[in-house]
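Beneath this line is the structure, given in structure tokens, with notes to follow.
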Amino acid sequence: MRQRERFDAVVVGSGFGGAVAGARLAQAGLRVAIIERGRRWQAGSFPRNEHDLGDDWLWAKRGGLYDIRWLDRMVSVQGAGWGGGSLVYANVFARPADETFRPHWPASYTRAALDPYFDMVAHMLEVRPITPDPSTGRVPARTTAMEDLVAHLDLASGTVRPNLAIRFADAGADPAVPVANRHGIEQRACTFVGECVIGCNQGAKRSLDVNYLAVAERSGAVAYTGTEVVGLAPVDPGGYRVSAIRHPHADPPVDAGRLEVDADAVFLAAGAVGTTELLLRARDVQGTLPALSARLGEGFSGNGDFLSFISRSRTPLEPDRGPTITTTSIVDFDEAGRQLWFQVQDGAFPAVLARLVGNVMSRMNPATRFGTRAPRSRLPGMPEPHRSVMALLLMGRDASAGRLTLDHRGEAVAGWDNRANARLYRAEALVGRVVARVFGARARSAPTWTYLRRAITVHNLGGVPMGDDAASGVIDEYGHVHGYPGLYVVDGAAVPSATGVNPSASIAAMAERNIEHAIRRMTGDPTWQAPETPHVVPTPAPEDEATALMSQRRRARSGDGVRFRERMSGYLIVAGRRVPARLELEASIPGWRPFLDDARHTVRVEGTLHVEGRITRRPVVGDLDLFPDSGEAAMRYRFDLDDDDGMPIAVTGVKVQHRWNPLALWHDLTTLRIEIRPSDVGPGVGVDRGILRIPTAGVFRLIGSIRGDAFTSAKRNAAVIRFLGYFARGASRGLL
């Protein structure tokens, strides 16, 4: 028996693209159906059985919460339910940097163009950074630990507390007391139990069912949950027929085993894998959409996702407290002339999930199955259920060059070249080890990567590329499918490349933009806007500040630099009297290429200057010209500071090479002729002069202090050797 319905528009899927589409179409006065294969998950109903994966955990087992797909070259994890991935995502609202939109995106996509839609999504989700845990009055220990970590990492990074789609209790408020959100849905506040990614039983998560989807249903949209779309075909005289099967948990419950819905327009939002798979079947198996572009399936990306587990930490981390993610650290550097950009996020690892994994692996132990005593089996690399484990979640701008195709069963598989992303994956794995080392912990990559070289992604993107026509893309810049009027793609499948950040906000902002365009076309109203538009105010984007800072540092670095320390002591003649003086400096070359391109070969220096009776260990910041091209001096130093009386003074120093005299070389390179004068007088007025020298032992200490400023130990060593070679050539210049 078949049930057939008719609507103006059908939305397939209820994740970040589908929820936006359903809400806006319904608000525009259209009769809308939203079809979702998963069930409705109420607060308190999410699975917690740590002994049985079949008890609501897996989609493959009685329609559970997680759909885990083995895509041949990649493992995909996504949520299933009314609200899609928002039910189990880590709540992070992040905007990609403007450079993300080049070169794969149409020219109309820029941060400036999308920012109004990002602000709209932020308004709908009511995002904000983490606030203190009401039970302790502070943020989790791992939050401050990750923030302190930056000072210990030998790479350019910055850490922020990102915006989160979570309801946090106001100071002094009881988190157990429900408060209505701006859409009229009552929610309790976060209790910091660290279970965001297994469904929030507290009801504090701003998942899509309590905002966009609530707005959609209030505006008249009809929801079909437990209903899985299996076919899509054009119908006469226009529009499409969507065919679906009903699962046992279908809502509303009906006797019909199948549902057919006709509509003038269809908006596909079944996720990057689901949407692409549905279109591939329609073109290649069912033959209902034969004119779909040959590029269908291209541009698939795992968003550079990488997973490490940090265990046995000597630094307190409290990994089972707080929201899943509380910090984002940006890593941005050049390696061999190529930019590597990715972000690192701390991750709570729920204790119930660790116990579930441990129990499942215990049953996999052959000795356990045969009733004999044996140590509990544990797959190397997986979290240890009896230990406190923090997950480290990394994502970046991968090559976005994967391709989804159908296997012999008509299911999606991903062609994915790890070699094209080798630099990114190596760097991400290294960061896990660096973080563990600083924390005095152990780091392990996910076993699928360690043993099978299969990346795990929770951020599937791409598969339905954009282009001006069917020869260059499946859809146009607004998600409209070429050759099929009224058919749209509005989810992660339409994202042209990796965003490098948590992509949910980007998917939703793109959907806001494109659904606005579709509604204007469908209704004939060129001015239509979402009703909430007048109430939206710009939302701060903390990730922008970190990204801008790291980009600035990267441009300054542009390669592998070095650091070294220099200590000199001697005397100055002050008021006709010889007084002791000492200069201690730390010098840094952020990037080797800018250093070489600069004719002065400037080195940044900072440290302290002490002149007895006048300057008591005052901090100095300045420049050192190291073997400048002019050849006028071996080294020239410049500082500005205040003396003990608060008077501004200028300090200059020079090391001069005497040509043709190899016996004087050591003396020349270790002797600094220094001058100190008031900053507000001309040259030669009130000048104190003196001599500072590096003792023989100090020369060896200087050489031993040279450290490479690069991402890997091999490159740090190479940077040191490169610097020593430059110094040797500069020193020998005086002999020529």
Side-chain angles (χ1 to χ4, degrees), residues 1-15 17-19 21-22 25-26 31-42 45-47 54-69 78-88 199 208-209 213-214 216-217 220-235 239-271 273-282 285-286 288-289 409-412 487 491:
M1 180 178 177
R2 296 175 184 265
Q3 177 185 358
R4 183 168 295 172
E5 301 285 350
R6 177 77 193 186
F7 293 88
D8 296 321
V10 170
V11 178
V12 179
S14 62
L25 290 164
R31 189 162 185 263
V32 182
I34 305 174
I35 302 177
E36 166 58 51
R37 62 176 179 160
R39 68 183 79 171
R40 291 180 188 263
W41 296 92
Q42 305 294 339
S45 70
F46 290 101
D55 189 4
D56 288 346
W57 286 106
L58 298 181
W59 170 256
K61 295 192 175 189
R62 301 191 297 276
L65 182 60
Y66 293 98
D67 185 12
I68 301 177
R69 301 281 300 271
Q78 61 189 61
W82 183 244
S86 74
L87 299 171
V88 294
L208 297 168
D209 53 325
L213 293 173
E217 291 192 275
V222 177
Y224 292 93
T225 58
T227 305
E228 186 171 7
V229 172
V230 294
L232 175 64
V235 293
Y240 299 89
R241 178 162 297 158
V242 178
S243 302
I245 57 174
R246 310 301 303 278
H247 292 298
H249 50 272
D251 179 31
V254 293
D255 294 333
R258 296 183 69 88
L259 173 70
E260 290 184 344
V261 179
D262 290 352
D264 296 329
V266 174
F267 297 83
L268 298 179
V273 175
T275 290
T276 307
E277 189 175 61
L278 183 62
L279 290 174
L280 284 169
R281 287 174 181 164
V285 178
Q286 299 158 349
T288 55
L289 301 175
R409 297 170 299 178
E411 296 183 355
L487 181 59
D491 63 0

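Nothing here was measured: the structure is a model prediction, and the numbers come from that model. Basis for what follows: all heavy atoms, side chains included, without hydrogens, waters or symmetry-related copies.
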query: Residues two or more places apart in sequence or in another chain: which of them pass side chain to side chain donor-acceptor pair (under 3.5 Å) with Glu5?
result: Gln3
message: If you define the side chain from C-beta out and look only at heavy atoms, does anything of Glu411 sit under 4.5 Å from Leu280?
response: no
task: Please identify each residue that fulfils side chain to side chain donor-acceptor pair (under 3.5 Å) with Ser14, with sequence neighbours left out.
output: Glu36
statement: The side-chain contact (heavy atoms from CB on, under 4.5 Å) partners of Asp67 (sequence neighbours excluded) come to Arg37, Trp59, Arg69, Gln78
message: My understanding is that only residues two or more places apart in sequence, or in another chain, count here; which of them pass ring pair (Phe, Tyr, Trp, His ring centres under 6.0 Å) with Trp82?
response: none
query: Does Phe7 have any ring pair (Phe, Tyr, Trp, His ring centres under 6.0 Å) partners at least two apart in sequence or in another chain, and if so, which?
result: none
- request: Quick one: do Arg281 and Val230 satisfy side-chain contact (heavy atoms from CB on, under 4.5 Å)? Show the steps, please.
  value: CA-CA 9 Å; Arg281 287 174 181 164; Val230 294; 5.8 Å; no
message: I need the Leu65 CG to Leu58 CG distance, nearest 0.5 Å.
response: 9.5 Å
query: Does Leu268 reach the side chain of Val229, with side-chain heavy atoms less than 4.5 Å apart?
result: no
- prompt: Taking only residues two or more places apart in sequence, or in another chain, which ones meet Arg39 in a side-chain contact (heavy atoms from CB on, under 4.5 Å)?
  reply: Trp41, Asp56, His249
- prompt: Out of curiosity, Leu278 CG to Gln286 CD, how far, rounded to the nearest 0.5 Å?
  reply: 7.5 Å
message: With heavy-atom distances below 4.5 Å as the criterion, would you say the side chains of Leu25 and Phe267 are in contact?
response: yes
message: Could you measure the distance from the CZ atom of Arg246 to the CG atom of Leu259? Nearest 0.5 Å is fine.
response: 5.5 Å
